[in-house]
Amino acid sequence: MSEQGVGASLKRKEDDRYLRGRGQYVGDIRLAGMRDAAFVRSPIAHGKIKSIHVPEEYRDRVFTAADLDADGVKPIVAVSGLAGFKVSEQPVLAFDKVRQVGELIAMCIGESRAEAEDIADAVEVEFEELPAVHDMLEARKPGSALLHEAWGDNIFLETQIDVDIESAFDAPIKITREISTARQCMVPMEGRGTVATWDSRMEQLVLYTGSQMPHIVRTGLSECLGLEQTQLRIVSPDVGGGFGYKGILLPEDICLGWLALRCGYPVRWLEDRREHLTAGANCREHHYSITAYADRDGRLRGIDCEATVDSGAYSSYPFSACLEAAQVASILPGPYDFPAYRCRTYSVATNKCPILPYRGVARTGVCYAMELMLDAVAREAGLEPAEVRMKNLVRPEQMPFNNITHKHFDSGDYPEALRRAMAHIDIEAFRARQRKGEPDGRLLGLGLSVYCEQGAHGTSVYAGWGIPMVPGHEQATARMTPDGGLELRVGVHSHGQSMETTLAQVAHEVLGIPTDKIKLVHGDTEYTPYSTGSWGSRCAVMAGGAVSTACKEIARLAKAVGAHMLQVKPEEVELAQGAVYSQTGRVTLTEIARTWYLRPQDLPKSVDPRGLEVTIGYKPERDTGTFSYAAHLATVAVDPETGDIEILDYVIAEDGGKLINPMVVDGQIYGGLAQGIGTALYEEMRFDGSGQPLASTFADYLLPGPTEVPAPKLDHMETLAPYTEFGVKGIGEGGAIAPPAAIGNAVNDALKGFGAELLHSPMTPRRVLEAIAEAKAAGTATRSDEVVS
Amino acid sequence: MKPVNFDYARPLDVDGALALLADETALVKVVAGSQSLGPMLNLRLVQPDLLVDITGVEELRSFEESGDKLTLGACITHADIEDGRLPDVTHGALPSVASGIAYRAVRNRGTVGGSLTHADPSADWVSMLAALGATVTLRGPEGARHLPVEEYMLGALEADLRPGELLVSVTVPKLGSGASWGYYKSCRKTGEFAHAIGAMLIDPERGICRAVIGATETRPLVIADAKGLIGDGDPAAFDSKAVTAALTEAGMRDPIERQTHSVALRRAVEGARGR
Ligand SMILES: Cc1cc2nc3c(=O)[nH]c(=O)nc-3n(C[C@H](O)[C@H](O)[C@H](O)COP(=O)(O)OP(=O)(O)OC[C@H]3O[C@@H](n4cnc5c(N)ncnc54)[C@H](O)[C@@H]3O)c2cc1C
C-alpha cells in the first residue's frame, strides 16, 4: 500500500480551509445588489386560504401563487411507479389549501433579511381551518379528514409481501409488539440556503444552493420553471452537512429561481433554525405492529409485520413519498435468515412536512423494530441475546446469499462481526456486576444490534421503484494538466464525505500522481458529468469506481504517448509511480503531459486524438448494491428514580469492504453514531392535536452534544466486495442505523427486573419512568425494591 | 429570525439607566447578558423600541462584602462567580451552582440579575438563591425595594418588576460555620435547563433548615422549615410521602413529575449530608 493510495489514512485535503474557517458556504456568497427573501408561511397545519392581504406599500415586494401561475410555474410532482401510488401536487406557493405548518404562501423581498421579515409580518392571510391529520394511524382509518380529497383516503401507497407466513403460526414462541420511532429533524449544522441570479452573458439562471444532487435539482427545477436545462446552472459550494435534507428539490429553490428571473437582481434565502425545526421535521416517523415467531431454541420461524410510515403532506422530489415504507418491507428481515415472512406497509399522508430519506433511510427504524423483537424472543426463550442472533444470522458459508426478499447479500461474515464486538467487553464480568447492582442504585444493561446495509444500489433496484431518479452508470472525467497535475470531475457532491481526499487517493492508486497535484471539481452542473448525486452510501463505490476507470483510461493514453517518447511499442511500457517505463528508459507523466499539450510537434500522426482527457462511466458488475454490515454493542446505566440513561461503553465492529481511507471511515461512523444516539435518546418533534410542531428552538428539540456521545471502540473487518472496484462497500450511513436498537436493548436489559420494556424512541427519562410505572401496575416486576412514587 | 428595528443605549450609571427606562411613550427593554433576551428578540417575541444595555454600569458589575452578607451587582456574570472573582460566603454553593449553568459561552455573558428577572422556573439561581435566603434590591421612580428572591419571581417568566424599575443587586447572607448545602438538578444533557431541581440549606447556627424544589411549572416551592419533611438532614429520615404530598398540594398533578422532583430534593439532602 502506498502512503497516499487506497487504504491510506491520508489527512483530509479539505481540512485546511474548513479548520481555518475559510469554507465557502451558500451563506458566504455575496453578489452585488443582492436582496434577501423571507417567506410568509402557514401558521396552521390544515386549512383553506380565504384571502391574502398585501399592504399597498409592499405590492411590488410580495409575490404569491397568482404571480407564479401567471408565469406557468408548475407544482412539484414526484410519482413512484409502484402500482397504486397516489399522486400529490406540491404547490410552490400554496393557493387554495395549506397542508402543513410552515408551508409557503408568499415570498417577500427586502434590503435585508430583517426587512423582508418585517414585510412578511405585514402580510395577512385569512384561513378557514380544517381538522388536522396528525396521527398516521388515525389517518388510515375511514372517516379521517383528508389531505388530498380526490384520493378518498390518506394513503399514498400500500404494499404487501407474503412468503409462506402461515407456516410459522404453530411456532411455540409468538411475541407481538407495537414499536415506533419519533419524527425528527435532520439538523445539519448548515441549514438550507439558496442564492439565485440571472447570468446574462451565459443566458443562465444560476442557483447557488447547498445540494447533495445538483444535477437532479437542475432537472427538477427546469420542469417546474419551464427552462431548458442548458439555461440552468446549479452550484453547490461547500455543504455543511446534508444527511438527505439536501437531497431534495425544495419549493424555496423554485421560488428563488423565479424571483431572480422576475426581479433581475440576485436574491438570497437562508433557512433559519426556526424554519428548519417547524417546517422541516421530515424524517424517521415509523410505526410497527410486529409479531415474531420462534422456536424455543431461539430460531426464528417467521416475522409478520404491519408497518406505517408518516409520509407527510406531499411526495417530495426525487425520492417520493413511499421510498421509506416500500423499503421497510424489503429490508425488515435484516441480516437474518428465516423461512416465513409477511409485511404490509402504508405510506400515509398527514399534515406534516413531506418525508425525506435521512441517513440510514428506513434502516434505522427497521433495525430498531427487528432487534427489539430479537431481544424479546431471547427473554422469552431464556437465552442470551447474542445466542439468539447467532442462531439466525446469515452464515459466511451461505454467501453470496439471496434472502427472503431477494436481496443479494454480496459477502461477509455477520456472526464474526458480532463475536468481535462482544470480544471488546468482558460479558461475564458485566453480567456479574449487573446482578450485583450498582452502589448508586442505577441499573446496568447490555444491548446488541446487527444490521446489514444495502448501499450503492443502482439501476435494477431503482427502476423497480420507478421514482423520478434512477441511477445508471456513474461518470467521471479525468484530465491531465500541462504541468502533470490531474483534474477529476464528478457529479456526486461532498457534504462531509471527504471526497476531495478519497477520490484523489483512488486516482493516485492508479496513476501514482501525488494527491496534492490532484484536484477534485464537484458541486457544479457546469463542470461535472450528470449524476444522481450523493445519497445511498454510494459515492465511494460509484464515484470511486468511475474515477478509477477514468484514470485507467488515462494510464492507457499516457502509456501510448510515453512509449512514443521512449521509442518503443505501447505494449513494452509499464506505468508506475507517476512515470512510464520501458526496459531502457523512463518518462514522467509530467513530461508526457507537457509533450501532449505544449509540444504536439513531437508526437506522431497516429497519436490517439483523445489526448489526456476522458469521461467514462462505471457500474459494478452487479448493481444490486454492496452490503456493509456491523454489530453494535452498548452498555448503559439507567437511573430508575429519574429515568436518566448514561451510555457507559459503545462498541462497533463493522465491515465496509476495502476502506479507501480508514480515518475517513472512522469519521463517518462517529458522525453516524452521534445521530443514532440522537434518535435513541433525544430527538423528537412532537405535534399537538392541531398539527402544531411543539419545538421551535434547540431548547425544546434536543440534540446530543459532545458530552453525550461516548468515544466508541471501533473494529474494522475488510471483506472485499466481490462486484466493485477495489472491493469497496458503501458505509456512509451505517453509524446512524444501529444505535437506537443497541441502546434500546441495553435499556430494556437494565429494566428487565421490573418487567418493563421501552418500545418507542427516543427513550426519554419520562418514557423510562412510565414504563417502570406501567410494569409495576401490571405486576410484572420480579424486583422487590421499591422506587419512590 | 431577525429582530425588529430598535434603538440601543448604553448608560454609564444607574440614574442614566433609570432615566431611559422612565420613557412611558416607548417600549424600553433592559438588556444585560442577552442570553435570554437575545433569542426572544430574534424570535420577535419581544419587539422593543429601545434596548438599554446596563453592562456598562460600573455599580452593577461590582460586589461588596459587609458584615454578614455579600452583595452582588445585577450584572455579575455566572462566570465571575464560577471563577471565584468574588469572595465565597456560601461554602462553595454559589461557584458550584454557577459552574453547572448552561455552557461556558453562556456563563461568560449571562448575569445573576438577568437570570432572576427572566424568571425561568428551570433556571438555577431562582432555586439556589431562594434556598440561601437571598434578597434582591430594585430601584425605580418610587425609590428602592427589597424582596426575597422567591417573592421577586411571580410565576413562569414573570418577575415583580414595576415599570421603570431596575434590579440593581442581589444580597446573599453568609452561611454559619457549620452550615451545609445540597443542590441536585436533573437534566437530559449537559448544559440543558433542568427538569427537576432540589436545593437544601441546613444552617444550625442560624437555625435554618430550608428546602427548595424547583424546575416546576411556576416559581419554586420553598419549604422554609423543612425539618418535618427531612429530619435534620439525615437522608434516611427523608419523608418522600410528605414531600410528594406537598408537591400535590402545590398543584403538581403528574405523578412522574412528583417523583423526579421528590428524588431531586432527596439527592440534594444527600449532597448536603456529604459536605
Ligand atoms: C443555551 C442556553 C442554556 C442555558 N441554560 C441555563 C441553565 O442551565 N440554567 C440557568 O439558570 N440558565 C440557563 N440559561 C440562561 C442564562 O443563564 C442567563 O442567565 C439568562 O439568559 C439571563 O441572563 P442575561 O444576563 O443573559 O439576561 P438578558 O437576556 O439580558 O435579560 C433577560 C431578561 O431580564 C431583564 N433584565 C436583565 N437584567 C435586568 C436588570 N438588572 N433589571 C431589570 N431587568 C433585567 C431583561 O429585560 C430581559 O427581560 C441558558 C441560556 C442559554 C442561551
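Only heavy atoms go into these numbers, but all of them, side chains included; no hydrogens, no water, no symmetry mates.
Contacts of Asp118(A) with chain B are made by both backbone and side-chain atoms, with heavy-atom separations under 4.5 Å. Only the side chain of Glu708(A) has a heavy atom closer than 4.5 Å to any heavy atom of chain B. Heavy-atom distances place no part of Glu115(A) under 4.5 Å from chain B, backbone and side chain included. When heavy atoms are compared at a cutoff of 4.5 Å, Thr697(A) approaches chain B solely by way of its side chain, counted from C-beta outward. Proximity to chain B is absent for every atom of Ile645(A), based on heavy atoms less than 4.5 angstrom apart. When heavy atoms are compared at a cutoff of 4.5 Å, Pro39(B) does not approach chain A at all. Both the backbone and the side chain of Tyr682(A) come within less than 4.5 Å of a heavy atom of chain B. In this structure, the portions of Ala114(A) lying under 4.5 Å from any heavy atom of chain B include both its backbone and its side chain. Phe238(B) does not touch chain A: none of its heavy atoms, backbone or side chain, sits under 4.5 Å away.
Ion pair Arg35(A)/Glu111(A) flagged as a salt bridge, since at least one NZ, NE, NH1 or NH2 atom sits closer than 4.0 Å to an Asp/Glu carboxylate oxygen. The pair Arg219(B)-Asp160(B) does not meet the salt-bridge criterion, since no charged nitrogen lies less than 4.0 angstrom from a carboxylate oxygen.
With hydrogens and angles left out, the side-chain atoms of Thr117(B) and Tyr152(B) include a donor and acceptor closer than 3.5 Å. Side-chain atoms of Gln184(A) and Thr679(A) include a donor-acceptor pair closer than 3.5 Å. Gln100(A) and Ser42(A) form no side-chain donor-acceptor contact under 3.5 Å, judged by distance and modelled atom types alone.
Chain A forms more heavy-atom pairs under 4.5 Å with one residue of Val4(B), Thr260(B), Val243(B), Leu43(B) than with any other, namely Leu43(B).
For the pair Met40(B)/His118(B), a side-chain contact is recorded, criterion being any heavy-atom separation below 4.5 Å from C-beta on. At least one side-chain heavy atom of Val112(B) sits under 4.5 Å from a side-chain heavy atom of Ile81(B).
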